[in-house]
A.B. asks: 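The structure that follows is given in the form of structure tokens.
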Amino acid sequence: MKFNDKTVWITGASSGIGEALAHAFSDEGADVVLSARSEKKLEEIRQLIEKKGRKAWVLPLDLADTESVKTAASRVETLVPAVDILVHCGGISQRSRVHETLLEVDRRIMEVNFFGTIALTKEVLPRMLARKKGHIVVISSVMGKIGFPVRSAYAASKHALHGFFETLWTEYHRDGIDVTMVCPGMVRTNISYHSLEGDGKEHGVMDPRQAGGISPEKCARKIIRAVKRKRHEVYIGKEQILIYLRRYIPCLFFAIVSKFKPT
Ligand SMILES: NC(=O)c1ccc[n+]([C@@H]2O[C@H](COP(=O)([O-])OP(=O)(O)OC[C@H]3O[C@@H](n4cnc5c(N)ncnc54)[C@H](OP(=O)(O)O)[C@@H]3O)[C@@H](O)[C@H]2O)c1
């Protein structure tokens, strides 16, 4: 299945996995709506996609600002006939231990990764229900399934997405709504640069483990395959082993993660 005649709205489209997804979906025939805060970067990506003969629109939004999410959701209706697939990829990570992290930083991470994501979902879902079809794709993380050093609020925000969207699926799958939860391990993107430290400052460095991750393009290809197959949940990258260890051999999981240096 290609995505001809489908419109895909992607948050986090200005960088990393979201940017790669914007290209991958449009290469498969989809029209794409590109959202994030950096309008200039989105515009450059839009132009690249249009050069390949596909349609793309720029729709800036800030996931930490509910009004901006609502405005974007009403503007999208004026741009495209319908959103067939909504990809929640916008997010920020963390590099700080629990006792070093200000509560306002925990809240900021939850605001962007969880509340921003569900705010946008609540805007788009009623229109998907009216059409009796729609696919919501959520870029969670391996850390949406396990705890990991210096990621307390990040892991919490991703775990929360699983609870929310699994419930959403139970409520609406009979109404034509599909949900795919995506749990990547390390992907070589700017995420560690923009991760928040305990006082809210950006981490500002590419962590060695991040640099050794898979490419965003490879990650995007695997996500596209999972979306085509309408998978409920997909794990990507070698770090998925941690999910299986946590589930089936928890003592080994705890022995391994206890030795991780908190970087
Ligand atoms: N890289 C990994 O190893 C990895 C692993 C597992 C899961 N993930 C998840 O994958 C997703 C994408 O991350 P990435 O690795 O591609 O990192 P990235 O290159 O830093 O991209 C993050 C994206 O989120 C957007 N964003 C951040 N804050 C935002 C806000 N307040 N409002 C709207 N958009 C915002 C950024 O755009 P602007 O700055 O322009 O707003 C950017 O487009 C995230 O949800 C992340 O948790 C990443």
Side-chain angles (χ1 to χ4, degrees), residues 9-24 32-46 58-69 71-73 87-95 107-117 119-120 137-146 148 151 153-162 165 181-196 200 202-220 222-223 233-240 242-243 263:
W9 187 3
I10 305 166
T11 69
S14 66
S15 171
I17 300 170
E19 177 179 0
L21 280 172
H23 286 290
V32 289
V33 180
L34 311 171
S35 286
R37 291 165 304 172
S38 325
E39 196 166 350
K40 192 164 167 277
K41 188 72 207 297
L42 293 173
E43 180 53 30
E44 287 166 14
I45 295 164
R46 185 191 71 76
V58 168
L59 189 50
L61 61 75
D62 183 348
L63 287 167
D65 174 358
T66 308
E67 279 315 306
S68 133
V69 170
T71 305
V87 182
H88 291 296
C89 192
I92 46 171
S93 190
Q94 178 186 14
R95 294 293 185 276
R107 285 194 199 280
R108 166 88 191 164
I109 292 167
M110 289 300 292
E111 205 60 59
V112 174
N113 293 0
F114 180 70
F115 287 108
T117 299
L120 183 55
V137 180
V138 184
I139 312 305
S140 169
S141 168
V142 164
M143 286 161 212
K145 308 296 285 184
I146 63 168
F148 199 82
R151 305 284 201 284
Y154 178 72
S157 70
K158 297 295 188 180
H159 275 72
L161 290 171
H162 285 265
F165 283 98
M181 301 299 297
V182 180
C183 302
M186 290 291 178
V187 184
R188 208 166 49 247
T189 69
N190 286 332
I191 195 152
S192 77
Y193 282 101
H194 301 301
S195 296
L196 300 185
E202 282 200 354
H203 186 51
V205 288
M206 170 68 91
D207 290 341
R209 273 195 218 114
Q210 203 74 58
I214 63 169
S215 71
E217 291 73 23
K218 182 171 181 183
C219 184
K222 288 179 181 289
I223 294 170
E233 192 164 90
V234 60
Y235 308 148
I236 297 174
K238 62 182 187 313
E239 295 81 8
Q240 65 180 282
L242 293 170
I243 300 176
T263 58

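All values below come from the heavy atoms of this structure, side chains included, with hydrogens, waters and symmetry mates left out. Fair warning: this is a prediction, and the values are worked out from it, not measured in the lab. Read the numbers this way: they start at 1 and go in the same order the structure lists the ligands and their atoms. The residues of the chain are indexed from 1 along the displayed sequence.
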A.B. asks: Give me the atom names and distance for the closest heavy-atom approach of Ala155 to Ile146.
C.D. replies: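 Scanning both residues, the minimum pair turns out to be CB-O, 3.9 Å.
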A.B. asks: Give, for atom CZ of Phe114 and atom CD1 of Ile109, the distance between the pair rounded to the nearest 0.5 Å.
C.D. replies: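 If I round to the nearest 0.5 Å, the distance is 14.5 Å.
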A.B. asks: Walk me through it: do Arg46 and Glu43 pass the test salt bridge (Lys or Arg N to Asp or Glu O under 4.0 Å)?
C.D. replies: CA-CA 5 Å; Arg46 185 191 71 76; Glu43 180 53 30; 2.7 Å; yes
A.B. asks: Under a 4.0 Å N-O cut-off, is there an ion pair linking Arg209 with Glu239?
C.D. replies: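 Salt bridge absent between Arg209 and Glu239.
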A.B. asks: Do any nitrogen or oxygen atoms of ligand 1 lie under 3.5 Å from a protein nitrogen or oxygen, and which ones?
C.D. replies:
| residue | atom | partner | partner atom | Å |
| --- | --- | --- | --- | --- |
| ligand 1 | 1 (N) | Val187 | O | 3.1 |
| ligand 1 | 1 (N) | Thr189 | OG1 | 3.1 |
| ligand 1 | 1 (N) | Gln210 | NE2 | 3.4 |
| ligand 1 | 3 (O) | Gly185 | O | 3.3 |
| ligand 1 | 3 (O) | Val187 | N | 2.8 |
| ligand 1 | 3 (O) | Val187 | O | 3.3 |
| ligand 1 | 3 (O) | Gln210 | NE2 | 2.7 |
| ligand 1 | 15 (O) | Thr189 | OG1 | 2.6 |
| ligand 1 | 16 (O) | Ile17 | N | 2.8 |
| ligand 1 | 17 (O) | Thr189 | OG1 | 3.4 |
| ligand 1 | 19 (O) | Ser15 | OG | 2.5 |
| ligand 1 | 24 (O) | Gly91 | N | 3.2 |
| ligand 1 | 28 (N) | Arg37 | NH2 | 3.4 |
| ligand 1 | 31 (N) | Asp62 | OD1 | 2.9 |
| ligand 1 | 32 (N) | Leu63 | N | 2.8 |
| ligand 1 | 37 (O) | Ser14 | OG | 2.9 |
| ligand 1 | 39 (O) | Arg37 | NH2 | 2.9 |
| ligand 1 | 40 (O) | Ser14 | OG | 3.0 |
| ligand 1 | 40 (O) | Arg37 | N | 3.4 |
| ligand 1 | 40 (O) | Ser38 | N | 2.9 |
| ligand 1 | 40 (O) | Ser38 | OG | 2.3 |
| ligand 1 | 41 (O) | Arg37 | N | 2.8 |
| ligand 1 | 41 (O) | Arg37 | NE | 2.7 |
| ligand 1 | 41 (O) | Arg37 | NH2 | 3.4 |
| ligand 1 | 43 (O) | Gly12 | O | 3.0 |
| ligand 1 | 43 (O) | Ser14 | N | 3.4 |
| ligand 1 | 43 (O) | Ser14 | OG | 2.8 |
| ligand 1 | 45 (O) | Cys89 | O | 3.1 |
| ligand 1 | 45 (O) | Lys158 | NZ | 2.9 |
| ligand 1 | 47 (O) | Tyr154 | OH | 2.6 |
| ligand 1 | 47 (O) | Lys158 | NZ | 3.0 |

A.B. asks: Which residue pairs pass the salt bridge (charged side-chain N to carboxylate O under 4.0 Å, His left out) test with at least one member in residues 183-193, sequence neighbours excluded?
C.D. replies: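 Sorted result for residues 183-193: empty, none.
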A.B. asks: Is Lys218 atom NZ crowded by more than 12 heavy atoms from other residues, nucleotides or ligands, each under 6.0 Å away?
C.D. replies: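 No, not enclosed.
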